[in-house]
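Here's the structure, in structure tokens; my notes come after.
Below, all heavy atoms of this structure are taken into account, side chains as well, without hydrogens, waters or symmetry copies.
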Amino acid sequence: MIWNLDFGWLCAAFAVVVLFAFALGLMLDGVMAGDGFGALGNTFILTTGVFGGIYIANLNGLYAKDLRWAAVYGLSGAFVLLLSLAVGKAGLKRLL
């Protein structure tokens, strides 16, 4: 779905995702404190997770014909990536 967009729409979608990810990254930085990755780190992880989640869903044959399903796939990918990296970081801090 997302790969069929024109360049202008793809840039607009990327900009909207980055803006929302930055706002959420700032909030998560306050909540996660030392276990987080900073505001910009959280933003990068969330943005990567959104587009990665949509890409992985498309690889598995789940095509988002509706924007709601694209949002579900993207948010799921973002939070799974952030959760796995945060748990990994916390585990490494406890071990070392």
(request) Could you pull out the closest heavy-atom pair between T43 and F22, with the gap in Å? (result) OG1-CA, 3.2 Å
(request) Specify the closest pair of heavy atoms between D35 and R94, including all atoms of both residues, with the distance to one decimal. (result) OD1-NH1, 4.1 Å
Compile the donor-acceptor pairs under 3.5 Å between side chains in residues 67-81 and protein atoms, sequence neighbours left out, one pair per line.
residue	atom	partner	partner atom	Å
R68	NE	D66	OD2	2.9
R68	NH2	D66	OD2	2.8
S76	OG	V72	O	2.7

Gap between atom [atom2] of [Y] and atom [atom1] of [X] - 0.5 Å precision:
X   : Y   : atom1 : atom2 : result
T48 : L85 : OG1   : CG    : 9.5 Å
F14 : L19 : CZ    : CG    : 10.0 Å
L40 : I45 : CG    : CD1   : 11.0 Å
N42 : M32 : CG    : CE    : 5.5 Å

(request) Each residue besides F20 in its hydrophobic cluster should be listed here, by chain and number; the cluster joins Ile, Leu, Val, Met, Phe, Trp and Tyr at side-chain heavy-atom distances under 4.5 Å. (result) V16
(message) Pair L28, L82 - check side chain to side chain contact (heavy atoms under 4.5 Å, CB included), show working.
(response) CA-CA 10 Å; L28 286 173; L82 184 66; 3.4 Å; yes
(request) May I ask you to decide if G25's main-chain N or O and D29's side chain share a donor-acceptor pair within less than 3.5 Å? (result) no
(message) For the backbone of G34 and the side chain of K93, can you confirm whether one donor and one acceptor N or O come within less than 3.5 Å of each other?
(response) yes
(request) Could you list the residues that satisfy ring pair (Phe, Tyr, Trp, His ring centres under 6.0 Å) with F44, not counting sequence neighbours? (result) none
(request) Determine, using the 4.5 Å side-chain heavy-atom cutoff (strictly less than), whether L46 and Y55 are members of one ILVMFWY cluster. (result) no
(message) Tell me whether L24 shares a hydrophobic cluster with F37, the cluster being built from Ile, Leu, Val, Met, Phe, Trp, Tyr side chains joined at under 4.5 Å.
(response) yes
